[in-house]
Amino acid sequence: MTELPLVWIPRPVHQDALERLRPHTEVACGYGPGALSFDEVADRVVAVLLRTERVDGAMMRRAPLLRIVARHGVGLDTVDVATARERGIAVTTTPTANSRSVAEHAIALLLAARRGIGIAVRNEGDARRAIRGRELSGSTLGLVGFGRIAREVAAIGAHGFAMRVLAHDPQVPAADIAAAGAEPVGLAELLSRADNLSLHVPLVDATRGLIGLPELLALPRGSVVVNTSRGGVLDEDALLEAVRQGHLAGAGLDVTTVEPLPEEHPLRAEASVVITPHTGAQTDEALRRMAVEAADHILARLA
Ligand code: NAD
């Protein structure tokens, strides 16, 4: 009987990925009853399906049959990509699998910020009288960065809430932004018109501190700001100042410069600021999609 190619999965992933792989491969798990370590399968392993576990060059050199490292999620900081390339080992990620989940989270934070949900759930004093929320419908959404997640936010905002959508992304042609239903604008114009600012850029030198106090004060008074991208893109001291001045009606943060944000951080004392602990991609659907797409990358490589 011919041996099926062996896939090693170090940590639990969605069951559907295992079911996808099992008819075509032998699955060895690094967890649970009968757990096998990488070294126990190194001489037979053909594929690894990992979440955030490490696969370094030394491991690759111990695995002569290894052909693919399929990452469940984005980012390759745990995989030695240079050694993989030298050895002809494919390395894949699932960059779009969680975009919808993060986009929905951005919309949730926008709604929370505009409706004073943070103030309401604390229910301090007479919250019911204190809150005068604003509908998202018909307002103007400004997206900084117009990649995978921002496009989903734009679609939900335009179709679900009849929002006018402005987008600023120097690396995306204006025609592509317009074709996706948003109005391409420069950052200054976006800030001057957006009732809702949502950030969707990577954290790189050019975006570190991109939104500071001058940018926040350039927004119309009563605007809200949401960051589901990376802490550091938005200056948190500036956000605190703009909220305390009453210039911003509220904010929603899924990401912060330090994660988790310390309990004593002054932003936590601001009831109009809703903070979630980097949970934008934490949905059943995203976890399933990431695992199944990674399994499909393995099957395509072994076909
Ligand atoms: P993407 O690469 O598809 O899009 C990013 C866009 O930002 C690109 O189009 C790029 O041209 C643009 N950009 C870069 N520099 C810019 C600048 N200075 N001004 C304006 N635009 C600029 O990325 P994505 O998948 O949409 O992810 C967006 C962000 O969300 C990333 O920071 C990512 O790390 C983060 N993210 C967060 C979560 C979460 O759980 N909250 C999950 C996934 C991704």
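Every number for a ligand or one of its atoms is a count from 1 in the order of the listing.
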Which ligand 1 atoms, with their elements, are less than 4.0 angstrom from a heavy-atom of [X]?
X      : result
His278 : 39 (C), 40 (O), 41 (N)
Arg230 : 32 (O), 34 (O), 35 (C), 36 (N), 37 (C)
Gly145 : 7 (O), 20 (C), 21 (N)
His200 : 5 (C), 6 (C), 7 (O), 28 (C)
Pro202 : 5 (C), 7 (O), 14 (C), 32 (O)

Please classify the Val102 to ligand 1 contact at 4.0 Å (heavy-atom distances, strictly less than): side chain, backbone, both or neither. side chain
Result for side chain to side chain contact (heavy atoms under 4.5 Å, CB included) between Arg151 and one of Ile177, Val172, Val165 points to Val172
Protein contact of [atom] - nearest heavy atom, named by residue and atom, plus distance:
atom                    : result
atom 17 (C) of ligand 1 : Thr207 CG2, 3.9 Å
atom 37 (C) of ligand 1 : Thr228 O, 3.1 Å
atom 23 (O) of ligand 1 : Arg148 NH2, 3.7 Å
atom 20 (C) of ligand 1 : Pro170 CD, 3.3 Å
atom 22 (C) of ligand 1 : Val201 CG1, 3.4 Å
atom 4 (O) of ligand 1  : Gly147 CA, 3.2 Å
atom 35 (C) of ligand 1 : Ser229 O, 3.4 Å

Is the shortest side-chain heavy-atom distance between [X] and [Y] below 4.5 Å?
X      : Y      : answer
Arg100 : Ile156 : yes
Met60  : Val55  : yes
Arg128 : Asp126 : yes

Arg71 side-chain N/O to Leu50 backbone N/O, donor-acceptor pair under 3.5 Å: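 No, because the side chain of Arg71 does not come within donor-acceptor range (under 3.5 Å) of the backbone of Leu50.
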Inter-residue atom distance Thr256.OG1 - Arg230.CZ, 0.5 Å rounding: 11.0 Å
Any idea which heavy atoms bring Arg193 and Pro220 closest together, and the distance? C-CG, 4.2 Å
Compare every heavy atom of Ser139 with every heavy atom of Leu136, then report the nearest pair and how far apart it is.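 In this case the closest contact between Leu136 and Ser139 is O-OG, 2.6 Å.
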Chi angles and distances behind the side-chain hydrogen bond (donor to acceptor under 3.5 Å, both in side chains) call for Arg164, Thr140: CA-CA 5 Å; Arg164 277 178 300 282; Thr140 298; 3.0 Å; yes
If I apply the N/O under 3.5 Å rule, does Ile149 come out as touching ligand 1? yes
Among [options], closest by any non-hydrogen atom to [atom]:
atom                    : options                        : value
atom 15 (N) of ligand 1 : Arg151, Gln171, Gln282, Glu152 : Gln171
atom 9 (O) of ligand 1  : Asp205, Asp169, Val233         : Asp169
atom 41 (N) of ligand 1 : Val153, Asp254, Thr276, Asn98  : Asp254

Taking atom CD of Glu135 as the centre, report whether more than 12 heavy atoms of other residues, nucleotides or ligands fall under 6.0 Å from it. no
Does ligand 1 have any atom sitting under 4.0 Å from a heavy atom of Ser99? no
Is it the case that one hydrophobic cluster holds both Leu49 and Met290, taking links as side-chain heavy atoms less than 4.5 Å apart, direct or via other members?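 No, no single cluster joins them.
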